[in-house]
Structure formats: structure tokens, C-alpha cells
Amino acid sequence: RFNCPTKSTNMMGHRVDYFIASKAVDCLLDSKWTKARKGEEALFTTRESVVEYCNRLLKKQFFHRALKVMKMKPDKDTKKEKEKGKGEIGKEEEKKSKKESVKDDKNKKEKEKKKDGEKEECKKDETPGTPKKKETKRKFKLEPHEDQVFLDGNEVYVWIYDPVHFKTFAMGLVLVIAVIAATLFPLWPAEMRVGVYYLSVGAGCFVASILLLAVARCILFLIIWLITGGRHHFWFLPNLTADVGFIDSFRPVYTHEYKGPKADLKKEEKSESKKQQKYDSEEKSDSEKKEEDDGKTEGPRNSGTDGSGGERHSDTDSDRREDDRSQHSSGNGNDFEMITKEELEQQTDEGDCEEEEEEEETESRPSHEKS
């Protein structure tokens, strides 16, 4: 009765426990009655022997067979349609007869499309890794079956035999004894009565101390909060009234939080440092990309004429300067660089020299072409 897996539901206005026949047979085949004892044969050897035994229990009314009846959803609009549709039945029938002919053609096409869609969905469901859809549980009710026979399958049987479990019996017995003992307290020995008195006083003091602590911690928090202007949040035994275990309610001993302007500045500094780190990493990645591009372009430049040598040197020098500037700016975390007047004059002179060399090369090119 208590080892077979059961479920509870309502039947004819009463709460009942029911089980499935196949699970009951499996439960009996896994029990100790399938093993033979000394001088005795095993009670259950096959599923058929278990079915015969369960038929005997059914005849003795330990349980009875029930029928599952699925609950249908009630149509809410049926009553309204009946009241409104009494005078318009004739007109609607004429319209329906015309529309049905058109709908039949549309339905045929829609059915064909649905079939194709279902086939595609089945193929998708068969692929591994796809999550399965949750099956909605349909509600049902139980009704007594006409044929009271035990069958090995998915048939439902309701328990009639419902004895009191040993645990519930023992708990009830202990409660009765405790109540009788409490009523006989004046007849107890003097030593026991004194001991119970001290125990009750100790328990009362413990409860009172916890209540006083809960009030005192709130007062302490309020005093510190008012003195510091809401900057310091100090809690003594923060988990005392929390929904935790007995030992966890006394740990940690205290917690302290500072919620002033410095805390906001620290948060801003942390956010700025994170932004600078991101910016530096982006600049480093850009400089690495430029170096790779320069390495790729060196090959075709080497295969050029002698006239393009000056351009190559000037380009590489300018690229190196730009890389040095980007690395210098990334190391400082800024986009600007301090330059003296002498360096500015040198850079302007070098730029003029480069422009003159380019003009001379452009003039020499047409003379070579004419020759």
C-alpha cells in the first residue's frame, strides 16, 4: 500500500489516492516476495501471477477500477450566440452557404501548406541539440468503471484500503502522553518541578534578549546615521532578523558601509581607469595593425626604381615618427605631446627638403620618358 507510487485527486467530491496497474505490478516484482524461502516457493514469479493476486485483492475491495474522463473547456459564448441568433438564423445560413464554397478552396490550400510546415518542423525536431517543447498537462476526473477487473497496463485503480501509518500513530501517541504529563505537573517530584522552572525562566530570558538586541541594533544604527549625516551605515548583527539558520543569524558580527562624496569619487576614478585601459588597448591594437601594413608594403617598394628610393626613405621616416608619437601618447594616456621650438623648426626644415626632392623627381621623370 505504501511502497507503490500513488497520486492524489478528487473523485465524487472526495480526496482519493490512485495508482497505475503497470507500476503496481513492477512494485510487487521488485519486492521480497519474488524470492523463495526455505521450504516455500516464491509468491510472484511472472507478471501473470501478480495480476492474479491483484484480482484477488480487487474482489476483497482493497481498491477498485476507475475511468479517466478528460475535462473539456466550457464554451463561454454559446449562450450568447443562442440568444442573439434566434432571429438571424435564416440570413446567416444563406451567407454561410455562399462563404463555405469559397472557404473550402482556401481550406484545401491551407491544409497542404500546414502539412508541408509540419514535415519541416518534424525534421527540425529530429536534429540533435534542439530544445523540446513543454507538454501541457490536460486535466481529468475519475469516475467508477463498470468492469471491475485488474488489467496489466495504464489502467487507473483507486485505493479503498487506507490504514493509519505507523509514524502518524506514534506521533499521536507521543502527543497524548505529553498532554497527560503536563496536566499532572503538580504530582511531579520537587526536583523535576524546580528543573522545569529554571528551564522555562532561561528560555524566556533568551527570547527577551533577542528582542532587546533587535531593538538596540536599530537604535544604534539610527544614532550613527544621524551623527554622520547619513554617510556611515553601521549594522550590529545584520542577519539577526533575517530568514537564515540559528548560527548564521549571529554572523557576521557587524557590517559597515560608507556612502559619502569620497565613495562617489572612488567609483568615478575606477570607471575612468577602466575607460583609459580600454582606450590604451585600442591604440596598441591600431599601432600593431599599422606595423603589419608597413611590413607588407616594404616588398613592392624594394622592387621599384632608384628614383623612388628617396620617397621610400621619407615615407618610412614619417611612419616611424607617427608610430613614436602614438606610442608616446598611449604611454601617457593622452593625445597631445609637448614639443620645443627647436624640434618644430627641425620638422619644418625636413618637410621643406622632402617637398623639394619630390619636385625634382617629378621634373626628372618626363626627361627620362622623352629619352
Side-chain angles (χ1 to χ4, degrees), residues 1-21 23-35 37-38 40 43-44 50 53-54 56-66 141-142 144 148 150 156-219 236-253:
R1 171 65 180 84
F2 297 107
N3 293 325
C4 180
T6 58
K7 294 180 182 179
S8 58
T9 186
N10 290 321
M11 180 179 177
M12 307 293 286
H14 298 285
R15 196 73 179 169
V16 293
D17 295 331
Y18 70 93
F19 65 92
I20 297 166
K23 290 183 179 179
V25 174
D26 294 335
C27 180
L28 288 174
L29 286 173
D30 294 334
S31 65
K32 63 181 180 180
W33 305 104
T34 55
K35 296 177 183 179
R37 295 180 182 179
K38 293 179 180 179
E40 294 180 359
L43 185 61
F44 305 124
V50 175
Y53 179 79
C54 290
R56 286 162 57 192
L57 292 177
L58 191 143
K59 288 176 182 177
K60 293 180 179 180
Q61 294 184 353
F62 280 85
F63 50 82
H64 65 86
R65 189 181 177 187
K141 61 180 180 178
L142 296 177
Q148 292 296 320
F150 189 87
V156 177
Y157 293 88
V158 178
W159 280 109
I160 299 170
Y161 177 67
D162 191 13
V164 179
H165 201 269
F166 178 74
K167 288 182 181 179
T168 56
F169 180 77
M171 291 292 290
L173 188 63
V174 168
L175 282 171
V176 171
I177 292 167
V179 170
I180 293 167
T183 55
L184 296 174
F185 180 74
L187 300 176
W188 288 13
E191 294 176 355
M192 288 179 69
R193 281 184 287 174
V194 171
V196 170
Y197 171 75
Y198 284 120
L199 282 172
S200 61
V201 170
C205 291
F206 177 73
V207 173
S209 64
I210 288 172
L211 292 172
L212 288 170
L213 268 174
V215 176
R217 62 192 281 275
C218 293
I219 294 167
F236 178 70
L237 296 175
N239 293 328
L240 186 66
T241 57
D243 189 10
V244 293
F246 180 77
I247 296 168
D248 293 331
S249 60
F250 294 99
R251 59 173 71 159
V253 179

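We're numbering straight along the sequence, starting at 1.
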task = To the nearest 0.5 Å, tell me how far Ile160 CD1 sits from Lys60 NZ.
result = 14.5 Å

task = Heavy atoms only: give me the nearest Ser8-Arg15 pair and the separation to one decimal.
result = OG-NH2, 3.3 Å

query = So, Trp159 side chain and Phe19 main chain: donor-acceptor pair closer than 3.5 Å or not?
reply = no

ask   = Can you check whether Asp17 reaches Arg1 side chain to side chain, under 4.5 Å on heavy atoms?
value = yes

key: 4.5 Å side-chain heavy-atom contact, Cys54 and Leu28   = yes

key: Criterion side-chain contact (heavy atoms from CB on, under 4.5 Å) on Arg37 and Lys32, from CA distance to verdict   = CA-CA 10 Å; Arg37 295 180 182 179; Lys32 63 181 180 180; 4.2 Å; yes

Note, Thr9 side chain near Val16 side chain (heavy atom, < 4.5 Å) = yes

ask   = Does Asn239 reach the side chain of Pro252, with side-chain heavy atoms less than 4.5 Å apart?
value = yes

key: More than 12 heavy atoms from other groups under 6.0 Å of OH on Tyr161   = no

query = Should Val25 and Phe150 count as side-chain neighbours, where that means a heavy-atom distance under 4.5 Å?
reply = yes

message = Can you classify the ring geometry of Phe250 versus Phe246 as parallel (below 30°), tilted (30 to 60°) or perpendicular (above 60°)?
response = perpendicular

key: Arg65: salt bridge (charged side-chain N to carboxylate O under 4.0 Å, His left out) partners, not counting sequence neighbours   = Glu155

query = Do the non-hydrogen side-chain atoms of Phe236 and Val253 ever get within less than 4.5 Å of each other?
reply = yes

request  = Compare every heavy atom of Ser31 with every heavy atom of Thr34, then report the nearest pair and how far apart it is.
outcome  = OG1-O, 2.9 Å

message = Check this for me: Phe2, atom CZ, are more than 12 non-hydrogen atoms of other residues, nucleotides or ligands nearer than 6.0 Å?
response = yes

message = In terms of relative ring orientation, are Phe44 and Tyr53 parallel, tilted or perpendicular, with 30° and 60° separating the classes?
response = perpendicular

remark   = Closest non-hydrogen atoms of Val164 and Thr168, given as atom of the first, atom of the second and distance, are CG1-OG1, 3.2 Å

ask   = What distance separates Lys23 NZ from Lys7 NZ, expressed to the nearest 0.5 Å?
value = 5.5 Å

ask   = Does atom CG of Asn10 have more than 12 heavy-atom neighbours, drawn from other residues, nucleotides or ligands, at distances under 6.0 Å?
value = yes

ask   = Is it the case that more than 12 heavy atoms not belonging to Ile247 sit under 6.0 Å from its CD1 atom?
value = no

note = Interatomic distance, CZ@Phe63 vs CD@Gln148, rounded to 0.5 Å, equals 10.0 Å

task = Kindly say whether Val196 contributes a backbone atom to a donor-acceptor pair with the side chain of Ser200 at under 3.5 angstrom?
result = yes

task = Kindly determine whether Ser209 and Leu213 satisfy side-chain contact (heavy atoms from CB on, under 4.5 Å), including the steps that lead there.
result = CA-CA 6 Å; Ser209 64; Leu213 268 174; 5.6 Å; no

task = With rounding to the nearest 0.5 Å, note down the distance linking CD1 in Ile20 to OG1 in Thr6.
result = 10.5 Å

